[in-house]
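Since the structure comes first, as C-alpha cells, the remarks are kept for the end.
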Amino acid sequence: MYFGSVKFFKHLIYTVFFTWIAAATFLAVFFGFKYFSEKKNAEAVAASSFPGQIVIPDGASVEQIFLVMATKRYSSQDMLDVIKSGDEEIFAEYVKDYIAENPDIFNDGDNALSGAGTPFASSDEPYMELYPELYADNPPTAFKEDSGTIYLTFDDGPSDRTSDILEILDRYDIKATFFVCGGNGEKEQELMRQVAEAGHTIGIHSISHDYEKIYASVESYLDDFYETYMSVYNATGVKPQIFRFPGGSINNYNRFTYMQIIAEMTRRGFVYYDWNVSGEDAVKGADWTSIYNNIMSGIQRNTADRSIVLLHDSQSKENTVYVLEDVIDELLADGYKFDKLDNTVNPATFTYRD
C-alpha cells in the first residue's frame, strides 16, 4: 500500500510538471507571436504615416518644411516632432521632390514662397475667408543679392525715440526698416507718416504685443495683424508688404500655431523677417557698451555676409539712440553698406531648436 502511494504521487508530480512546461511553452509562443505581430503592424502603420525618411537640411525654411509635410499628410504634432528633432538626416528628398514638382512656388529651391498657387489655396479653413482685402500687392518671385549689406531694423515704435533715430539716419542718408506697433493716436499717426515720408520701410509688428492672445490661433493673429495694418494704412497710405512676428517667428507662445500662421501669411503674399544679429537692447540692464558689443560681435560672427540687425525704438530705448551713430560710423569704416528691407530681400528666418 505504501509503495503504491509513492508511485502514485511520483506519477502525479511528473504529470503536473510536464503539464506546466507545456502550458508555459504555449504561452511563450502565443505572446511572442502576438508581440512581434503587433510590432510589425505598428511599423507598417508608421511606414504608411511616415513614407520614407525625411531630412531637414540646413537653411530649409519653415514654409518649405510645413508645406512638404502637409502634402505628405503629417499631422500637426508629427510636424512639430520632426522639426523639434533638428535631425539633419530627415527631409532633403521630400523638399527636393516637392520643389521639382512645384517650380512656380519655389524659385531655384532657395527662395521663399510667393504665396500664389500653394496647396492651401483651395483649403476651406474658415480663417482664409477673414479680411479678404488683406493680401500683399506684389508677392516676390525672386530675391536680390545683397552681400556686405547691413539692414537696421527697429521694433515696437513709434515713439519719441523714433524721431531721434530718424534724425540720425537722415544725417547719414541711410534707409532702415521700422516694424511698427501702429496706433490710432495723433502722435503715433504723425510719427508713422514721418517714417514713410523719409523713405524708410514700414513693416507690421503687433498693435497689442500680447503674445498669449495673438498666438492663440490663426484667427487671433489675423485680427491683430489687420488692426495694425489698417492703422499704418490710414496714417500713411502705405500698404505694408513685410512683417515681423513679436518674439520672432518661433517662440514659446506659438509652438502649436506658428506653422499654420506662417502658411496663411505666406499664402496671402506677405514676407516675414526674423534677424541674424541682435543688439539685445530690450534686455534688462542693456547699456551703450552691451548694445554696441552685441551688434559688432554679432556682425563679425555672422556667416551670411549680410546682417539683419534687431533693435528697438520704443520709448525707453534711449541707449539704442546713443549707440546708433557709433555703430554706423564703425560699420561704414569697415566697408559695409546700409539698406532697408523690402520683400525682394532674402529673409532671415528662424528654424526650430529646443
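Environment of NZ in Lys213: sparse, with no more than 12 heavy atoms of neighbouring residues, nucleotides or ligands closer than 6.0 Å. The number of heavy-atom neighbours closer than 6.0 Å to OH of Tyr233, taken from other residues, nucleotides and ligands shown, is 12 or below. Applying the 6.0 Å contact sphere to OH of Tyr322 captures no more than 12 heavy atoms from other residues, nucleotides or ligands.
The hydrophobic clustering, which links ILVMFWY residues whose side-chain heavy atoms are closer than 4.5 Å, places Val238 and Tyr135 apart. Ile168 and Ile295 fall within the same hydrophobic cluster, defined by Ile, Leu, Val, Met, Phe, Trp and Tyr side-chain heavy atoms under 4.5 Å apart, directly or through other members. With hydrophobic clusters built from ILVMFWY side chains whose heavy atoms lie under 4.5 angstrom apart, Ile202 does not share a cluster with Leu191. Cluster membership for Phe179 and Ile207, using ILVMFWY side-chain heavy atoms within less than 4.5 angstrom, is not shared.
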Exercise for review: Apply ring-ring contact (aromatic ring centres under 6.0 Å, His included) to Tyr131 and Tyr229, showing your working.
Suggested key: CA-CA 11 Å; Tyr131 310 114; Tyr229 181 95; 9.9 Å; no

Check your understanding: Can Tyr215 and Arg255 be said to form a side chain to side chain contact (heavy atoms under 4.5 Å, CB included), step by step?
Key -> CA-CA 9 Å; Tyr215 291 131; Arg255 297 169 65 92; over 6 Å; no

Practice item. Check the pair Glu212 / Tyr253 against side chain to side chain contact (heavy atoms under 4.5 Å, CB included), numbers first and verdict last. Key: CA-CA 6 Å; Glu212 290 186 355; Tyr253 293 87; 3.6 Å; yes

Review point. Yes or no on side chain to side chain contact (heavy atoms under 4.5 Å, CB included) for Asp281 and Asn319, after CA distance, side-chain angles and deciding distance?
Key: CA-CA 8 Å; Asp281 58 339; Asn319 284 321; over 6 Å; no

Exercise for review: Take Phe245 and Tyr221 through the ring-ring contact (aromatic ring centres under 6.0 Å, His included) test and state the conclusion after the steps.
Suggested key: CA-CA 10 Å; Phe245 288 100; Tyr221 185 82; 5.3 Å; yes

Practice item. Could you walk me through whether Leu166 and Thr162 pass the side chain to side chain contact (heavy atoms under 4.5 Å, CB included) test, one step at a time? Key: CA-CA 6 Å; Leu166 288 174; Thr162 307; 4.2 Å; yes

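Residues Ser163 and Gln194 approach most closely at OG-OE1, 3.9 Å, considering heavy atoms. Between Asn251 and Pro246, the shortest heavy-atom contact is ND2-O, 3.4 Å. Ile291 and Ala286 get closest at one heavy-atom pair: CG1-CB, 4.2 Å. Taking both residues in full, the closest heavy atoms of Ser147 and Asp305 are given as CB-OD2, 2.9 Å, listed atom of the first, atom of the second, then distance. Taking each heavy atom of Ile165 and Phe178 in turn, the nearest pair found is CG2-CZ, 4.0 Å. A pairwise comparison of heavy atoms in Arg193 and Ala235 identifies CG-O, 2.9 Å as the closest pair.
Side chain of Thr236 to backbone of Val232: a donor-acceptor contact under 3.5 angstrom is found. Distance alone, capped at 3.5 Å, places no donor-acceptor pair between the Ser314 side chain and the Asp155 backbone. At least one donor-acceptor pair under 3.5 Å links the side chain of Arg244 to the backbone N or O of Tyr273. No donor-acceptor distance shorter than 3.5 angstrom exists from the side chain of Arg161 to the backbone of Val321, with no hydrogens or angles considered. At least one donor-acceptor pair closer than 3.5 Å links the side chain of Asp274 to the backbone N or O of Ser249. For Gln315 (side chain) and Asp160 (main-chain N/O), a donor-acceptor pair under 3.5 Å exists by modelled atom type.
In this structure, the separation between OG1 on Thr320 and CG on Leu152 is 11.5 Å, given to the nearest 0.5 Å. With rounding to the nearest 0.5 angstrom, the SG atom of Cys181 is 10.0 Å from the CE atom of Met192. Atom NE2 of His200 is separated from atom OG1 of Thr153 by 13.5 Å, given to the nearest 0.5 angstrom. The distance from the CZ atom of Phe225 to the CG atom of Leu130 is 13.5 Å, given to the nearest 0.5 Å. From Gln189, atom CD reaches atom CG of Asn234 across 6.5 Å, with rounding to the nearest 0.5 Å. Taken from CG in Leu311 to OG in Ser278, the straight-line distance is 7.5 Å, to the nearest 0.5 Å.
Partners of Asp334 according to the side-chain contact (heavy atoms from CB on, under 4.5 Å) rule, which considers only residues two or more places apart in sequence or in another chain, are Met296, Glu330, Tyr336. In this view, Glu186 satisfies the side-chain contact (heavy atoms from CB on, under 4.5 Å) rule with no residue, not counting sequence neighbours. With sequence neighbours left out, the side-chain hydrogen bond (donor to acceptor under 3.5 Å, both in side chains) criterion links Ser307 to Asn302. Shown here are the side-chain contact (heavy atoms from CB on, under 4.5 Å) partners of Thr289, two or more places apart in sequence or in another chain: Asp287, Asn293. Not a single side-chain hydrogen bond (donor to acceptor under 3.5 Å, both in side chains) links Thr201 to another residue, sequence neighbours left out. Residues that satisfy the side-chain contact (heavy atoms from CB on, under 4.5 Å) test with Gln241, not counting sequence neighbours, are Ala136, Asp137, Lys239, Asn343.
No side-chain donor-acceptor contact under 3.5 Å links Ser231 and Asn184. Judged by distance alone, the side chains of Asn254 and Tyr211 never bring a donor and an acceptor atom under 3.5 Å apart. At a cut-off of 3.5 Å, with distance as the only test, no side-chain donor of Asp339 or Thr149 sits close to an acceptor on the other residue.
For the side chain to side chain donor-acceptor pair (under 3.5 Å) criterion with His209, the lone passing option out of Asp156, Asp224, Thr228 is Asp156. Just one residue in the list Thr177, Asp342, Val345, Ile204 forms a side-chain contact (heavy atoms from CB on, under 4.5 Å) with Ile242, and that residue is Thr177. Just one residue in the list Tyr151, Phe350, Phe154 forms a ring-ring contact (aromatic ring centres under 6.0 Å, His included) with Trp275, and that residue is Phe350.
Salt bridge Lys337/Asp146: absent, no basic N to carboxylate O contact under 4.0 Å. Between Lys187 and Glu190 no salt bridge is recorded (no basic side-chain N to carboxylate O distance below 4.0 Å).
Arg171 is listed as a side-chain neighbour of Glu325, based on a closest heavy-atom distance under 4.5 Å. The side-chain heavy atoms of Leu222 and Met265, taken from C-beta on, include a pair separated by under 4.5 Å. Between Pro140 and Val271, some side-chain heavy-atom pair lies under the 4.5 Å cut-off. Side-chain contact between Met128 and Arg267: present, with at least one pair of heavy atoms (C-beta onward) separated by less than 4.5 Å.
Ring geometry for Phe243 against Phe270 counts as perpendicular: the plane angle is over 60°, on a 0 to 90° scale with 30° as the lower cut.
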